[in-house]
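First up is the structure itself, then whatever we jot down about it.
It should be emphasised that the depicted structure is a prediction, and the values quoted were computed from it without experimental measurement. Both ligands and their constituent atoms are indexed starting at 1 by order of listing.
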Amino acid sequence: MRKPIIAGNWKMNKTKAEAVSFLQDVKNSVPAADKVDSVVCSPDLFLDALVQEAEGTDVHIAAQNMHFEDNGAFTGETSPAALKDLGVTFVVLGHSERRDMFGETDESVNKKVKAALNHGLTPIVCVGETLDERESDKTNDVVTKQVNGALEGLTEDQVKGIVVAYEPVWAIGTGKTATSEQANDTCSVIRAALANTFSAETADQVRIQYGGSVKPANIQELLGQSDIDGALVGGASLEADSFLKLAEAGD
Ligand code: PEP
């Protein structure tokens with residue numbers, strides 16, 4: 001049994017006061033962490049305050065990106081060591097907004113995945129096709145290449161600990177959700193790619209989230225699919241009530 005993982009990706013939203021207030025509203029109401037992983041992916045600025053607020057609760061705090069080096073002349077970047085030191089436990093890597101707007105590639109995602117694992121952070125590795133790619137029937141090839149690129153050189157044990165988020169780019173922030181069948185089909189392709197590159201036993205343990213306009217009204221059906229083990233949620237994770245409904249759907 002793969003434990004559901006529901007992650008809210010706040011992107012570049014909220015002030016520190018709003019972030020802390022959100023956490024105070026949800027921290028004692030999310031499902032027990034042995035049943036569901038409830039993750040809040042915050043801008044770096046609030047991570048410290050959120051980790052302190054979440055201490056002793058069932059909420060995990062995640063970063064939305066990081067550099068792959070431990071330190072050095074990388075102005076404006078955050079290191080995996082610094083995230084670990086704060087008490088952050090998950091990190092989103094290769095989100096399509098970072099691939100599209102900030103030059104993230106499969107190669108840089110691969111370096112970041114390795115760095116995260118070396119520092120004991122759990123990577124949430126995002127993959128997904130554009131609308132053009134889906135319409136020209138390239139979805140399976142695109143996600144397989146992204147998964148293999150991101151995980152190249154990892155051991156089976158390392159792969160078992162990561163999370164993959166399947167996020168069709170055309171469904172992010174657009175209100176268009178992939179049908180649960182479309183989402184599950186592509187998550188199955190991702191699991192098959194993992195089985196092919198690593199082993200069926202490893203693929204069976206990797207948690208695969210769906211992301212793209214998930215909301216309380218559609219999460220139940222998505223989570224009911226055989227290869228969907230959770231959700232990565234942007235817009236609908238910004239309000240405490242809505243985040244709680246999403247997390248509870250995993251229970
Ligand atoms: C995301 O930010 O990863 C995402 C899926 O956003 P939204 O839920 O708003 O589509």
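Annotation for ligand 1: atoms under 4.0 Å from non-hydrogen atoms of Gly212 are 5 (C), 10 (O). Residue contact check: Val233 has heavy atoms under 4.0 Å from atoms 8 (O) of ligand 1. Distances below 4.0 Å separate heavy atoms of Ser213 from the following atoms of ligand 1: 7 (P), 8 (O), 10 (O). Of all the atoms in ligand 1, the ones that sit under 4.0 Å from a non-hydrogen atom of Ala171 are 10 (O). Atom numbering of ligand 1 starts at 1 in the shown order; those under 4.0 Å from a heavy atom of Asn9 are 1 (C), 2 (O), 3 (O).
When ring centroids are compared, Phe22 and Trp10 come within the 6.0 Å threshold.
At least one heavy atom of His95 sits closer than 4.0 Å to an atom of ligand 1. The shortest separation from a heavy atom of Ala236 to ligand 1 is not under 4.0 Å, leaving the residue out of contact.
Within the 3.5 Å criterion, the main-chain N or O of Val143 finds no donor-acceptor partner in the side chain of Tyr166.
The side-chain contact (heavy atoms from CB on, under 4.5 Å) with Val206 is formed by just one residue from the set Leu194, Ile190, Val147; it is Leu194.
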Test side-chain hydrogen bond (donor to acceptor under 3.5 Å, both in side chains) applied to Asp37 and His60, step by step
CA-CA 7 Å; Asp37 280 328; His60 305 282; 2.9 Å; yes
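With no hydrogens or angles considered, a side-chain donor-acceptor pair links Gln52 and Asp48 at under 3.5 Å. Defined by atom type and a distance below 3.5 Å, a donor-acceptor pair is missing between the side-chain atoms of Ser96 and Glu167.
Atom 10 (O) of ligand 1 has its closest protein heavy atom at Gly173 N, 2.6 Å. Atom 9 (O) of ligand 1 has its closest protein heavy atom at Gly235 N, 2.9 Å. Atom 5 (C) of ligand 1 has Glu167 OE2, 3.1 Å as its closest protein atom, hydrogens excluded (heavy atom only). For atom 2 (O) of ligand 1, the closest heavy atom belonging to the protein is Lys11 CE, 2.6 Å. Nearest non-hydrogen protein atom to atom 8 (O) of ligand 1 is Gly234 N, 2.8 Å.
Closest approach of Leu47 and Ala63 over heavy atoms only: CD1-CB, 4.0 Å.
Other residues, nucleotides and ligands contribute more than 12 heavy atoms inside 6.0 Å of the CG atom of Asp25.
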